[in-house]
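Everything on this sheet refers to the single structure shown next.
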Amino acid sequence: MLGFTGAREWVYPQSITGRFTTLRRWTFLGLHLILLVTPWILVRGYPALLIDIPARRLFLFGTIFTASDTFFLLLLLLFLTFALFFFTSLWGRLWCGYACPQTAFLETWIRPLELWIEGDRAQRRRRDRQGWTLDRAWRKGAKWAAFLAVSFLLGMALVSLFVPARELWTGGAGPVAYSFVAILTFLWYWDFTWFREQFCNLLCPYARFQSALTDDETLLIAYDPARGEPRGAGKAAAVEGRCIDCHKCVVVCPQGIDIRDGFQLECIQCARCIDACVSVMDRLGHRTLVEYSSQARAEGKPARALLRPRALVYGGLLAAILALGLTLLAQRVPFEATVNRVPGSLFTLDPDGYVRNTFLVQITRNSASREPADFTITVEGMEGAQVLAQNVRLASTETRTLPLVVRVLQGSELRRSMPLRVRIQSSDGEIVVPTTFMTGASSRESASSGR
Ligand code: SF4
Ligand code: SF4
(Lines give C-alpha, C1' and ligand atoms only; values in the text may rest on other atoms or scores of the structure.)
(Ligands and ions follow the chains in the order given, each with its own letter.)
Protein backbone atom coordinates (compact mmCIF):
# COMPACT_ATOMS: atom_id res chain seq x y z
CA MET A 1 0.00 0.00 0.00
CA LEU A 2 1.07 3.59 -0.57
CA GLY A 3 1.16 5.57 2.63
CA PHE A 4 0.24 9.24 3.13
CA THR A 5 3.78 10.24 2.17
CA GLY A 6 3.57 8.32 -1.09
CA ALA A 7 6.16 5.79 0.16
CA ARG A 8 5.47 2.06 -0.24
CA GLU A 9 4.15 0.58 3.01
CA TRP A 10 4.92 -3.12 2.82
CA VAL A 11 2.36 -5.62 3.96
CA TYR A 12 3.81 -8.74 5.57
CA PRO A 13 0.92 -11.20 5.72
CA GLN A 14 1.47 -14.06 8.10
CA SER A 15 0.93 -17.52 6.66
CA ILE A 16 -2.28 -19.24 7.70
CA THR A 17 -4.04 -22.57 7.30
CA GLY A 18 -7.69 -23.41 7.69
CA ARG A 19 -10.89 -24.48 5.99
CA PHE A 20 -11.14 -21.53 3.64
CA THR A 21 -7.42 -21.59 2.81
CA THR A 22 -7.83 -25.23 1.76
CA LEU A 23 -10.93 -24.42 -0.28
CA ARG A 24 -9.08 -21.63 -2.05
CA ARG A 25 -6.20 -23.99 -2.85
CA TRP A 26 -8.65 -26.12 -4.81
CA THR A 27 -9.99 -23.20 -6.83
CA PHE A 28 -6.42 -22.02 -7.47
CA LEU A 29 -5.55 -25.54 -8.63
CA GLY A 30 -8.44 -25.35 -11.12
CA LEU A 31 -7.10 -22.08 -12.51
CA HIS A 32 -3.60 -23.52 -12.81
CA LEU A 33 -4.90 -26.61 -14.59
CA ILE A 34 -6.67 -24.40 -17.15
CA LEU A 35 -3.60 -22.26 -17.65
CA LEU A 36 -0.74 -24.73 -17.44
CA VAL A 37 -2.19 -28.07 -18.51
CA THR A 38 -5.04 -27.42 -20.98
CA PRO A 39 -2.84 -25.93 -23.76
CA TRP A 40 -0.79 -29.17 -23.73
CA ILE A 41 -3.76 -31.53 -24.06
CA LEU A 42 -4.52 -32.50 -27.64
CA VAL A 43 -8.09 -33.30 -28.67
CA ARG A 44 -8.14 -34.90 -32.11
CA GLY A 45 -4.71 -33.40 -32.75
CA TYR A 46 -5.62 -29.83 -31.78
CA PRO A 47 -4.90 -28.07 -28.45
CA ALA A 48 -7.79 -28.39 -26.03
CA LEU A 49 -7.68 -24.60 -25.60
CA LEU A 50 -6.13 -22.27 -28.16
CA ILE A 51 -7.15 -18.77 -29.24
CA ASP A 52 -5.63 -18.51 -32.72
CA ILE A 53 -5.94 -14.76 -33.40
CA PRO A 54 -4.33 -14.64 -36.90
CA ALA A 55 -6.65 -17.40 -38.13
CA ARG A 56 -9.56 -15.99 -36.07
CA ARG A 57 -10.25 -19.42 -34.59
CA LEU A 58 -10.89 -20.69 -31.08
CA PHE A 59 -10.10 -24.35 -30.38
CA LEU A 60 -12.08 -25.56 -27.41
CA PHE A 61 -11.99 -29.23 -26.47
CA GLY A 62 -12.43 -30.50 -30.03
CA THR A 63 -14.80 -27.76 -31.20
CA ILE A 64 -13.52 -25.04 -33.50
CA PHE A 65 -15.20 -21.63 -33.34
CA THR A 66 -14.53 -19.03 -36.03
CA ALA A 67 -15.37 -15.40 -36.76
CA SER A 68 -18.83 -16.52 -37.91
CA ASP A 69 -19.49 -17.72 -34.35
CA THR A 70 -19.14 -14.22 -32.89
CA PHE A 71 -22.64 -14.56 -31.43
CA PHE A 72 -21.33 -17.33 -29.14
CA LEU A 73 -18.58 -14.98 -27.97
CA LEU A 74 -21.21 -12.36 -27.20
CA LEU A 75 -23.24 -14.93 -25.25
CA LEU A 76 -20.12 -16.05 -23.38
CA LEU A 77 -19.30 -12.46 -22.40
CA LEU A 78 -22.89 -11.89 -21.29
CA PHE A 79 -22.81 -15.14 -19.33
CA LEU A 80 -19.56 -14.22 -17.57
CA THR A 81 -20.84 -10.71 -16.82
CA PHE A 82 -24.08 -11.94 -15.27
CA ALA A 83 -22.22 -14.73 -13.46
CA LEU A 84 -20.07 -12.03 -11.87
CA PHE A 85 -23.19 -10.02 -10.97
CA PHE A 86 -24.97 -13.10 -9.62
CA PHE A 87 -22.14 -14.39 -7.43
CA THR A 88 -21.26 -10.90 -6.23
CA SER A 89 -24.87 -10.37 -5.18
CA LEU A 90 -24.70 -13.62 -3.19
CA TRP A 91 -21.19 -13.62 -1.74
CA GLY A 92 -19.52 -10.31 -2.55
CA ARG A 93 -16.06 -10.39 -4.05
CA LEU A 94 -15.94 -14.15 -4.46
CA TRP A 95 -13.95 -13.67 -7.66
CA CYS A 96 -11.21 -11.67 -5.92
CA GLY A 97 -10.66 -14.11 -3.10
CA TYR A 98 -11.08 -17.41 -4.90
CA ALA A 99 -10.52 -17.05 -8.64
CA CYS A 100 -8.61 -13.90 -9.56
CA PRO A 101 -5.30 -14.85 -11.25
CA GLN A 102 -3.41 -12.19 -9.30
CA THR A 103 -4.64 -13.64 -5.98
CA ALA A 104 -4.12 -17.21 -7.17
CA PHE A 105 -0.53 -16.64 -8.30
CA LEU A 106 0.39 -14.67 -5.18
CA GLU A 107 -1.02 -17.35 -2.90
CA THR A 108 0.25 -20.35 -4.87
CA TRP A 109 3.75 -19.22 -5.82
CA ILE A 110 4.84 -15.95 -4.31
CA ARG A 111 3.90 -16.25 -0.64
CA PRO A 112 5.16 -19.85 -0.30
CA LEU A 113 8.46 -18.91 -1.99
CA GLU A 114 8.75 -15.87 0.26
CA LEU A 115 8.06 -18.00 3.31
CA TRP A 116 10.61 -20.60 2.21
CA ILE A 117 13.41 -18.15 1.38
CA GLU A 118 12.85 -15.26 3.79
CA GLY A 119 10.87 -16.83 6.59
CA ASP A 120 7.56 -15.80 8.12
CA ARG A 121 6.22 -12.32 8.74
CA ALA A 122 8.33 -11.51 11.81
CA GLN A 123 11.61 -12.57 10.18
CA ARG A 124 10.87 -10.66 6.98
CA ARG A 125 9.96 -7.47 8.85
CA ARG A 126 13.00 -7.71 11.09
CA ARG A 127 15.41 -8.18 8.20
CA ASP A 128 13.87 -5.38 6.15
CA ARG A 129 14.19 -3.00 9.08
CA GLN A 130 17.82 -3.92 9.68
CA GLY A 131 18.92 -2.49 6.35
CA TRP A 132 21.20 -4.29 3.91
CA THR A 133 23.19 -7.19 5.34
CA LEU A 134 24.73 -10.16 3.54
CA ASP A 135 21.99 -12.40 4.89
CA ARG A 136 19.24 -10.09 3.61
CA ALA A 137 20.99 -9.58 0.27
CA TRP A 138 21.33 -13.24 -0.68
CA ARG A 139 17.78 -13.98 0.42
CA LYS A 140 16.38 -11.07 -1.58
CA GLY A 141 18.50 -12.10 -4.58
CA ALA A 142 17.31 -15.70 -4.38
CA LYS A 143 13.70 -14.59 -3.93
CA TRP A 144 13.77 -12.20 -6.87
CA ALA A 145 15.41 -14.84 -9.06
CA ALA A 146 12.65 -17.29 -8.11
CA PHE A 147 9.99 -14.63 -8.80
CA LEU A 148 11.55 -14.00 -12.21
CA ALA A 149 11.37 -17.71 -13.01
CA VAL A 150 7.70 -17.81 -11.94
CA SER A 151 6.94 -14.66 -13.96
CA PHE A 152 8.54 -16.24 -17.03
CA LEU A 153 6.59 -19.47 -16.52
CA LEU A 154 3.32 -17.55 -16.21
CA GLY A 155 4.18 -15.36 -19.21
CA MET A 156 4.82 -18.48 -21.30
CA ALA A 157 1.66 -20.12 -19.96
CA LEU A 158 -0.50 -17.11 -20.88
CA VAL A 159 0.96 -16.88 -24.38
CA SER A 160 0.41 -20.66 -24.74
CA LEU A 161 -3.29 -19.85 -24.85
CA PHE A 162 -2.66 -17.98 -28.11
CA VAL A 163 0.24 -19.92 -29.69
CA PRO A 164 0.47 -23.75 -29.64
CA ALA A 165 2.35 -24.64 -26.44
CA ARG A 166 4.67 -27.11 -28.17
CA GLU A 167 5.77 -24.48 -30.69
CA LEU A 168 6.26 -21.86 -28.02
CA TRP A 169 8.27 -23.98 -25.61
CA THR A 170 10.51 -25.43 -28.35
CA GLY A 171 11.40 -22.03 -29.81
CA GLY A 172 9.22 -22.46 -32.88
CA ALA A 173 6.94 -19.46 -32.33
CA GLY A 174 7.49 -16.09 -34.00
CA PRO A 175 9.10 -12.96 -32.53
CA VAL A 176 5.70 -11.42 -31.72
CA ALA A 177 4.88 -14.33 -29.39
CA TYR A 178 8.22 -14.05 -27.54
CA SER A 179 7.82 -10.27 -27.30
CA PHE A 180 4.53 -10.82 -25.50
CA VAL A 181 6.21 -13.37 -23.22
CA ALA A 182 8.83 -10.71 -22.37
CA ILE A 183 6.16 -8.06 -21.69
CA LEU A 184 4.07 -10.40 -19.52
CA THR A 185 7.15 -11.61 -17.65
CA PHE A 186 8.06 -8.02 -16.87
CA LEU A 187 4.51 -7.15 -15.75
CA TRP A 188 4.19 -10.19 -13.48
CA TYR A 189 7.65 -9.60 -12.06
CA TRP A 190 6.83 -5.99 -11.29
CA ASP A 191 3.56 -7.06 -9.71
CA PHE A 192 5.13 -9.81 -7.58
CA THR A 193 8.12 -7.80 -6.42
CA TRP A 194 6.45 -4.45 -5.83
CA PHE A 195 2.87 -3.77 -6.87
CA ARG A 196 0.87 -6.66 -5.34
CA GLU A 197 -2.14 -5.49 -3.31
CA GLN A 198 -1.95 -2.04 -4.89
CA PHE A 199 -3.38 -3.57 -8.05
CA CYS A 200 -6.61 -4.36 -6.16
CA ASN A 201 -6.64 -0.99 -4.40
CA LEU A 202 -5.66 1.31 -7.25
CA LEU A 203 -6.20 -0.34 -10.63
CA CYS A 204 -8.86 -3.06 -10.58
CA PRO A 205 -12.23 -1.66 -11.78
CA TYR A 206 -14.19 -4.50 -10.17
CA ALA A 207 -13.35 -3.22 -6.70
CA ARG A 208 -14.91 0.12 -7.62
CA PHE A 209 -18.31 -1.11 -8.82
CA GLN A 210 -18.78 -4.23 -6.70
CA SER A 211 -20.57 -2.27 -3.96
CA ALA A 212 -23.29 -1.45 -6.53
CA LEU A 213 -23.92 -5.19 -6.93
CA THR A 214 -24.36 -6.04 -3.27
CA ASP A 215 -27.17 -5.30 -0.86
CA ASP A 216 -28.02 -5.80 2.80
CA GLU A 217 -28.44 -9.53 2.28
CA THR A 218 -25.19 -10.25 0.47
CA LEU A 219 -22.96 -12.52 2.49
CA LEU A 220 -19.71 -10.68 3.16
CA ILE A 221 -16.81 -11.44 5.45
CA ALA A 222 -17.41 -9.37 8.54
CA TYR A 223 -16.48 -9.07 12.18
CA ASP A 224 -19.35 -9.41 14.64
CA PRO A 225 -19.05 -6.43 17.00
CA ALA A 226 -22.13 -7.52 18.97
CA ARG A 227 -20.25 -10.58 20.21
CA GLY A 228 -16.71 -9.25 19.89
CA GLU A 229 -16.93 -5.91 21.67
CA PRO A 230 -15.72 -4.63 24.01
CA ARG A 231 -12.49 -6.25 22.92
CA GLY A 232 -9.68 -6.76 25.36
CA ALA A 233 -6.57 -8.81 26.05
CA GLY A 234 -7.79 -9.83 29.49
CA LYS A 235 -9.00 -13.20 30.69
CA ALA A 236 -12.62 -12.06 30.87
CA ALA A 237 -12.78 -11.49 27.11
CA ALA A 238 -11.34 -14.97 26.48
CA VAL A 239 -13.87 -16.58 28.80
CA GLU A 240 -16.85 -14.66 27.39
CA GLY A 241 -15.91 -15.19 23.73
CA ARG A 242 -15.21 -11.52 23.05
CA CYS A 243 -12.34 -10.40 20.83
CA ILE A 244 -9.08 -10.88 22.72
CA ASP A 245 -7.36 -8.32 20.49
CA CYS A 246 -4.73 -10.84 19.42
CA HIS A 247 -4.47 -9.15 15.96
CA LYS A 248 -4.22 -12.51 14.25
CA CYS A 249 -6.95 -11.53 11.77
CA VAL A 250 -4.98 -8.37 11.02
CA VAL A 251 -1.51 -9.87 10.55
CA VAL A 252 -2.73 -12.49 8.08
CA CYS A 253 -4.51 -9.93 5.89
CA PRO A 254 -2.77 -9.53 2.51
CA GLN A 255 -4.42 -6.14 2.05
CA GLY A 256 -3.07 -4.78 5.33
CA ILE A 257 -6.47 -3.88 6.79
CA ASP A 258 -8.28 -4.62 10.03
CA ILE A 259 -11.58 -6.40 9.36
CA ARG A 260 -12.80 -5.21 12.76
CA ASP A 261 -13.03 -1.66 11.35
CA GLY A 262 -16.02 -2.72 9.24
CA PHE A 263 -16.49 -3.01 5.47
CA GLN A 264 -13.54 -1.63 3.52
CA LEU A 265 -13.03 -1.22 -0.21
CA GLU A 266 -9.60 -2.87 0.04
CA CYS A 267 -11.02 -6.15 1.36
CA ILE A 268 -10.76 -8.85 -1.32
CA GLN A 269 -12.87 -11.31 0.70
CA CYS A 270 -10.07 -13.85 0.82
CA ALA A 271 -11.28 -15.32 4.14
CA ARG A 272 -7.78 -15.54 5.61
CA CYS A 273 -9.07 -13.54 8.59
CA ILE A 274 -11.83 -16.11 9.13
CA ASP A 275 -9.28 -18.93 9.29
CA ALA A 276 -7.19 -16.80 11.65
CA CYS A 277 -10.04 -16.06 14.04
CA VAL A 278 -11.29 -19.65 13.87
CA SER A 279 -7.83 -20.86 14.93
CA VAL A 280 -7.92 -18.48 17.91
CA MET A 281 -11.52 -18.89 19.02
CA ASP A 282 -11.48 -22.67 18.56
CA ARG A 283 -8.75 -22.90 21.18
CA LEU A 284 -10.87 -20.79 23.52
CA GLY A 285 -13.97 -22.87 22.82
CA HIS A 286 -15.98 -20.09 21.15
CA ARG A 287 -17.43 -19.38 17.75
CA THR A 288 -15.32 -17.29 15.38
CA LEU A 289 -15.96 -13.55 15.48
CA VAL A 290 -15.10 -13.14 11.79
CA GLU A 291 -17.38 -14.98 9.40
CA TYR A 292 -19.60 -14.68 6.34
CA SER A 293 -22.52 -12.53 7.38
CA SER A 294 -24.88 -9.92 6.00
CA GLN A 295 -26.19 -6.61 7.18
CA ALA A 296 -29.65 -8.18 7.46
CA ARG A 297 -28.36 -11.02 9.65
CA ALA A 298 -26.48 -8.55 11.82
CA GLU A 299 -29.79 -6.73 12.38
CA GLY A 300 -31.52 -10.00 13.25
CA LYS A 301 -33.67 -10.15 10.11
CA PRO A 302 -34.37 -13.51 8.44
CA ALA A 303 -31.61 -14.43 5.99
CA ARG A 304 -32.62 -14.82 2.33
CA ALA A 305 -29.75 -15.96 0.18
CA LEU A 306 -31.33 -16.79 -3.19
CA LEU A 307 -34.95 -15.77 -2.79
CA ARG A 308 -34.58 -12.03 -3.25
CA PRO A 309 -35.24 -9.91 -6.33
CA ARG A 310 -31.64 -9.11 -7.22
CA ALA A 311 -30.43 -12.71 -7.04
CA LEU A 312 -33.52 -13.98 -8.88
CA VAL A 313 -33.11 -11.50 -11.74
CA TYR A 314 -29.39 -12.20 -12.15
CA GLY A 315 -29.91 -15.96 -11.77
CA GLY A 316 -32.83 -15.93 -14.26
CA LEU A 317 -30.80 -14.02 -16.85
CA LEU A 318 -27.88 -16.38 -16.31
CA ALA A 319 -30.11 -19.44 -16.84
CA ALA A 320 -31.69 -17.89 -19.96
CA ILE A 321 -28.30 -17.09 -21.53
CA LEU A 322 -27.05 -20.57 -20.72
CA ALA A 323 -30.14 -22.22 -22.24
CA LEU A 324 -29.91 -20.10 -25.39
CA GLY A 325 -26.19 -20.82 -25.76
CA LEU A 326 -26.63 -24.58 -25.33
CA THR A 327 -29.57 -24.67 -27.77
CA LEU A 328 -27.61 -22.78 -30.43
CA LEU A 329 -24.57 -24.92 -29.79
CA ALA A 330 -26.59 -28.08 -30.39
CA GLN A 331 -27.79 -26.68 -33.74
CA ARG A 332 -24.40 -25.35 -34.78
CA VAL A 333 -22.94 -26.66 -38.06
CA PRO A 334 -19.14 -27.07 -38.04
CA PHE A 335 -18.53 -25.40 -41.38
CA GLU A 336 -19.26 -22.05 -43.00
CA ALA A 337 -20.23 -21.24 -46.56
CA THR A 338 -20.58 -18.09 -48.65
CA VAL A 339 -22.02 -17.69 -52.15
CA ASN A 340 -20.87 -14.71 -54.23
CA ARG A 341 -21.38 -13.79 -57.86
CA VAL A 342 -18.20 -13.94 -59.95
CA PRO A 343 -16.80 -10.37 -59.84
CA GLY A 344 -17.88 -8.20 -62.76
CA SER A 345 -20.54 -10.59 -64.02
CA LEU A 346 -24.28 -10.21 -63.39
CA PHE A 347 -25.47 -12.62 -66.08
CA THR A 348 -24.47 -13.93 -69.51
CA LEU A 349 -26.71 -14.73 -72.49
CA ASP A 350 -25.46 -17.99 -73.97
CA PRO A 351 -25.78 -18.61 -77.77
CA ASP A 352 -28.02 -21.64 -77.10
CA GLY A 353 -30.73 -19.40 -75.61
CA TYR A 354 -29.93 -19.78 -71.91
CA VAL A 355 -29.26 -17.08 -69.29
CA ARG A 356 -26.21 -18.02 -67.23
CA ASN A 357 -25.23 -16.86 -63.73
CA THR A 358 -21.86 -17.91 -62.34
CA PHE A 359 -21.20 -17.95 -58.59
CA LEU A 360 -18.27 -18.76 -56.36
CA VAL A 361 -19.10 -20.98 -53.38
CA GLN A 362 -16.55 -20.84 -50.59
CA ILE A 363 -16.71 -23.60 -47.97
CA THR A 364 -14.58 -23.57 -44.82
CA ARG A 365 -14.65 -26.63 -42.64
CA ASN A 366 -14.20 -26.04 -38.90
CA SER A 367 -14.18 -29.54 -37.53
CA ALA A 368 -11.53 -31.10 -35.33
CA SER A 369 -12.34 -34.47 -36.92
CA ARG A 370 -9.38 -36.05 -38.70
CA GLU A 371 -11.74 -37.76 -41.17
CA PRO A 372 -12.35 -35.80 -44.42
CA ALA A 373 -15.95 -34.86 -45.14
CA ASP A 374 -17.77 -34.75 -48.50
CA PHE A 375 -19.74 -31.64 -49.40
CA THR A 376 -22.45 -31.44 -52.07
CA ILE A 377 -23.90 -28.25 -53.55
CA THR A 378 -27.46 -28.10 -54.85
CA VAL A 379 -29.66 -25.25 -56.04
CA GLU A 380 -33.33 -24.74 -55.12
CA GLY A 381 -36.03 -22.31 -56.21
CA MET A 382 -35.49 -22.29 -60.00
CA GLU A 383 -37.71 -24.75 -61.87
CA GLY A 384 -35.96 -26.36 -64.85
CA ALA A 385 -32.59 -24.75 -64.16
CA GLN A 386 -29.39 -26.43 -65.36
CA VAL A 387 -26.87 -26.58 -62.53
CA LEU A 388 -23.18 -27.26 -62.85
CA ALA A 389 -21.74 -27.78 -59.39
CA GLN A 390 -18.75 -29.64 -58.05
CA ASN A 391 -18.77 -31.82 -55.00
CA VAL A 392 -15.73 -31.54 -52.79
CA ARG A 393 -13.96 -33.41 -50.00
CA LEU A 394 -12.49 -31.23 -47.24
CA ALA A 395 -10.03 -31.99 -44.45
CA SER A 396 -10.41 -30.73 -40.88
CA THR A 397 -9.93 -26.95 -41.32
CA GLU A 398 -9.62 -26.76 -45.09
CA THR A 399 -11.14 -23.98 -47.22
CA ARG A 400 -12.06 -24.37 -50.91
CA THR A 401 -13.74 -22.05 -53.41
CA LEU A 402 -15.80 -23.76 -56.13
CA PRO A 403 -17.56 -22.40 -59.23
CA LEU A 404 -21.32 -22.85 -59.44
CA VAL A 405 -23.06 -22.28 -62.77
CA VAL A 406 -26.85 -21.94 -63.03
CA ARG A 407 -28.53 -21.71 -66.47
CA VAL A 408 -32.18 -21.00 -67.25
CA LEU A 409 -33.85 -20.97 -70.66
CA GLN A 410 -34.84 -17.45 -71.71
CA GLY A 411 -38.56 -16.85 -71.63
CA SER A 412 -41.17 -14.20 -70.99
CA GLU A 413 -41.90 -15.57 -67.50
CA LEU A 414 -38.38 -14.66 -66.30
CA ARG A 415 -38.18 -11.68 -64.00
CA ARG A 416 -35.17 -9.39 -63.83
CA SER A 417 -34.09 -10.84 -60.45
CA MET A 418 -35.26 -14.17 -59.07
CA PRO A 419 -34.63 -15.65 -55.60
CA LEU A 420 -32.40 -18.70 -55.43
CA ARG A 421 -31.21 -20.91 -52.57
CA VAL A 422 -27.89 -22.72 -52.56
CA ARG A 423 -27.81 -25.74 -50.25
CA ILE A 424 -24.42 -27.00 -49.04
CA GLN A 425 -24.64 -30.40 -47.36
CA SER A 426 -22.23 -32.71 -45.62
CA SER A 427 -22.39 -35.42 -43.00
CA ASP A 428 -21.78 -32.61 -40.42
CA GLY A 429 -24.99 -30.80 -41.39
CA GLU A 430 -26.17 -28.32 -43.97
CA ILE A 431 -26.27 -24.60 -44.69
CA VAL A 432 -28.71 -22.86 -47.03
CA VAL A 433 -27.50 -19.57 -48.51
CA PRO A 434 -30.10 -17.32 -50.20
CA THR A 435 -28.97 -15.41 -53.30
CA THR A 436 -30.53 -14.12 -56.55
CA PHE A 437 -30.50 -15.22 -60.18
CA MET A 438 -30.16 -12.21 -62.47
CA THR A 439 -31.73 -12.40 -65.93
CA GLY A 440 -31.63 -8.79 -67.13
CA ALA A 441 -35.14 -9.43 -68.50
CA SER A 442 -36.16 -5.76 -68.90
CA SER A 443 -32.91 -4.74 -70.68
CA ARG A 444 -32.61 -7.83 -72.87
CA GLU A 445 -33.60 -6.01 -76.02
CA SER A 446 -30.78 -3.50 -75.78
CA ALA A 447 -28.07 -5.80 -74.56
CA SER A 448 -26.63 -8.98 -75.86
CA SER A 449 -24.74 -9.59 -72.65
CA GLY A 450 -24.96 -8.48 -69.07
CA ARG A 451 -21.23 -7.78 -68.88
S1 SF4 B 1 -9.98 -8.35 5.74
FE2 SF4 B 1 -10.01 -10.58 5.71
S3 SF4 B 1 -11.12 -11.14 3.87
FE4 SF4 B 1 -10.55 -8.96 3.70
S5 SF4 B 1 -8.64 -8.98 2.56
FE6 SF4 B 1 -8.11 -8.98 4.74
S7 SF4 B 1 -7.90 -11.15 5.28
FE8 SF4 B 1 -8.94 -11.06 3.32
S1 SF4 C 1 -8.49 -13.02 15.33
FE2 SF4 C 1 -10.50 -12.90 16.32
S3 SF4 C 1 -9.97 -12.65 18.45
FE4 SF4 C 1 -8.10 -12.18 17.36
S5 SF4 C 1 -8.18 -9.95 17.03
FE6 SF4 C 1 -9.14 -10.89 15.25
S7 SF4 C 1 -11.34 -10.90 15.75
FE8 SF4 C 1 -10.23 -10.59 17.67
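What you see is a predicted model; the values in this text were computed from it and never measured. Remember, it's 1-based here, ligands and their atoms both numbered in the order they're listed. Positions are given from 1 along the sequence. Basis for what follows: all heavy atoms, side chains included, without hydrogens, waters or symmetry-related copies.
Between F195 and F199, the ring planes lie perpendicular to each other; the angle is over 60°, past the 30° to 60° tilted range. Aromatic ring orientation, F85 versus Y314: tilted (interplanar angle from 30° to 60°).
Each of the following atoms of ligand 1 lies closer than 4.0 Å to a heavy atom of Q269: 3 (S), 4 (Fe). Counting the atoms of ligand 1 from 1 in the order shown, those under 4.0 Å from a heavy atom of A271 are 3 (S), 8 (Fe). Interface of I259 with ligand 1, defined as ligand atoms under 4.0 Å from a residue heavy atom, comprises 1 (S). Close contacts of ligand 1 with Q255, meaning ligand atoms under 4.0 Å from a residue heavy atom, involve 5 (S).
A salt bridge links D128 to R136: at least one charged side-chain nitrogen sits closer than 4.0 Å to a carboxylate oxygen. Using a 4.0 Å cut-off between charged nitrogen and carboxylate oxygen, D428 and R365 count as a salt-bridge pair. Taking a cutoff of 4.0 Å between a charged side-chain nitrogen and a carboxylate oxygen, E114 and R139 do not qualify as a salt bridge. A salt bridge links K140 with E118: at least one charged nitrogen is closer than 4.0 Å to a carboxylate oxygen.
A cation-pi arrangement is present between R332 and F65, with the terminal nitrogen or guanidinium carbon under 6.0 Å from the aromatic centre and inside a 45° cone about the axis.
The ring of F87 has its center no closer than 6.0 angstrom to the ring center of W95. In this structure, F192 has its ring center closer than 6.0 angstrom to the ring center of W188.
If you check which protein heavy atom lies closest to atom 3 (S) of ligand 1, you get C270 N, 3.3 Å. Among protein heavy atoms, the minimum distance from atom 5 (S) of ligand 1 is reached at I268 N, 3.5 Å. Regarding atom 4 (Fe) of ligand 1, its nearest protein heavy-atom neighbour is C267 SG, 2.3 Å. If you check which protein heavy atom lies closest to atom 6 (Fe) of ligand 1, you get C253 SG, 2.3 Å.
One N or O on the side chain of Q269 and one on the backbone of I221 form a donor-acceptor pair closer than 3.5 Å.
Ordered by chain and number, C277 SG make up the set of protein N, O or S atoms under 2.8 Å of atom 2 (Fe) of ligand 2.
With a heavy-atom cut-off of 4.0 Å, R260 touches ligand 2 through its side chain alone. Within the 4.0 Å heavy-atom criterion, neither part of Q264 lies near ligand 1.
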Taking distance alone, no hydrogens or angles, what donor-acceptor pairs closer than 3.5 Å link side-chain atoms of residues 28-48 to residues at least two apart or in another chain?
residue: H32; atom: ND1; partner: F28; partner atom: O; Å: 2.8
residue: H32; atom: NE2; partner: W109; partner atom: NE1; Å: 2.8
residue: T38; atom: OG1; partner: L33; partner atom: O; Å: 3.0
residue: T38; atom: OG1; partner: I34; partner atom: O; Å: 2.9
residue: Y46; atom: OH; partner: S396; partner atom: OG; Å: 2.6

